[in-house]
Structure formats: C-alpha cells, structure tokens
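Report on the following structure.
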Amino acid sequence: MLMRTDPFREFDRLAQQLTTGTWSRPSPMPMDAYRSGDEYVVAFDLPGVTLDAISLDVERNVLTVKAERRPAAVDEGVEMQVAERPLGVFSRQLFLGDTLDADGISAEYDNGVLTLKIPVAARAKPRKISITGRTGTEQQQLNA
C-alpha cells in the first residue's frame with residue numbers, strides 16, 4: 001500500500017469527516033460559470049452522485065441545486081483502508097438576475113458533471129432600433 005508523508009493529511013481527513021453535509025447544513029459544491037453567446041453555462045462537480053440524488057429548484061429568482069453522495073455499499077467484513085471521498089449533502093444557490101430567463105433553464109448530467117444552461121431573456125439581448133423621420137425635402141416643404 002502507498003504511504004504518504006504529509007503530516008496534516010490525517011488532520012484534514014478528520015476535519016472533513018466532522019463537517020459532512022446534512023440536509024439542514026449542506027456543504028458547498030464546486031462550480032464553474034461562464035457566458036457563451038446568449039446563455040450562461042454553470043457546471044457543478046458531482047462525482048459519484050446518482051441522477052436521482054440531485055434536486056434543482058427555482059423560486060422567484062433563486063436557483064437551488066442540492067445533491068447527496070451516499071456511501072458505497074461494501075460487503076460485510078471489508079475493512080476500509082482509506083476513505084477520503086466526501087459524503088453527505090451538497091448545495092449551492094445562485095441568484096438569477098432579471099435579465100435571465102428562469103423558465104428556459106435546461107440541465108444535463110454526464111460523467112459526474114451537472115451542466116445548466118440559462119438563457120438570457122429576450123428583453124436583455126442587444127437589439128437595433130429603427131429610426132423613422134422625414135427626409136430633407138419633406139422638411140423644407142413643411143417649413144415653407
């Protein structure tokens with residue numbers, strides 16, 4: 001078995017075990033967010049989480065993502081040597097601005113990554129405004 005020499009590793013492991021997320025006090029989950037054209041893309045790392053353990057809710061302008069990583073089933077008599085993967089409940093809330101279309105959010109889960117696509121609302125997209133007016137000859141005729 002591979003031995004490590006990091007003296008703080010055991011302390012980190014113990015601290016992580018003490019701070020396992022619960023439904024009333026979830027742990028944060030890592031994410032990336034960026035704009036791509038007319039939509040925002042948000043990707044959450046959720047390795048080892050099954051699709052049925054993920055919950056997405058939108059209320060007013062708050063998007064809530066919750067997930068639960070459950071312990072893997074092991075046979076009786078198996079002695080765990082290293083257990084570093086965090087278990088428990090993870091959650092993240094995003095406040096959506098008025099310029100985003102909360103009704104158009106799409107979600108995809110693939111290879112442990114939950115990807116949300118949030119479209120920019122039509123009223124917030126740049127647009128051209130046409131100008132109507134009179135030509136110079138019409139203006140001269142009105143002044144005469």
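Basis for what follows: all heavy atoms, side chains included, without hydrogens, waters or symmetry-related copies.
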Practice item. Share the residues that join I131 in a hydrophobic cluster, the rule being Ile, Leu, Val, Met, Phe, Trp or Tyr side chains under 4.5 Å apart at the heavy-atom level. Key: none
Study note, to complete from the structure: When rounded to the nearest 0.5 Å, the distance separating CG of L116 from CG of L94 is 7.5 Å
Point to revise | Neighbour count >12 (heavy atoms, 6.0 Å) for atom CZ, R60 | key: no
Exercise for review: Run through the side-chain heavy atoms of Ile, Leu, Val, Met, Phe, Trp and Tyr, join any pair under 4.5 Å, and report what else lands in F95's cluster.
Suggested key: V62
Point to revise | Non-neighbouring partners of D75 that pass side-chain hydrogen bond (donor to acceptor under 3.5 Å, both in side chains), sequence neighbours left out | key: none
Check your understanding: Just how far is it from atom CD1 of I105 to atom CD1 of I118, taken to the nearest 0.5 Å?
Key -> 4.5 Å
For residues 37-48, which side-chain donor-acceptor pairs fall under 3.5 Å, sequence neighbours excluded?
none

Exercise for review: Kindly write out the residues that satisfy side-chain hydrogen bond (donor to acceptor under 3.5 Å, both in side chains) with T115, not counting sequence neighbours, or none if the list is empty.
Suggested key: none
Study note, to complete from the structure: Across all chains, not counting sequence neighbours, the side-chain contact (heavy atoms from CB on, under 4.5 Å) partners of D57 are S55
Exercise for review: Could you tell me which non-hydrogen atom of G104 sits nearest to which non-hydrogen atom of P119, and how far apart they are?
Suggested key: O-CD, 3.4 Å
Point to revise | Atom pair CZ/NZ of F90 and K66 - distance to nearest 0.5 Å | key: 13.0 Å
**Study point:** Transitive ILVMFWY side-chain link L51 to L114, under 4.5 Å
**Key:** yes
Exercise for review: Enumerate the residue pairs fulfilling side chain to side chain donor-acceptor pair (under 3.5 Å) with a member in residues 92-109, sequence neighbours excluded, ordered by first and then second residue.
Suggested key: T64-Q93
Review point. Do you know the tightest heavy-atom contact between A67 and M29?
Key: N-CE, 4.3 Å
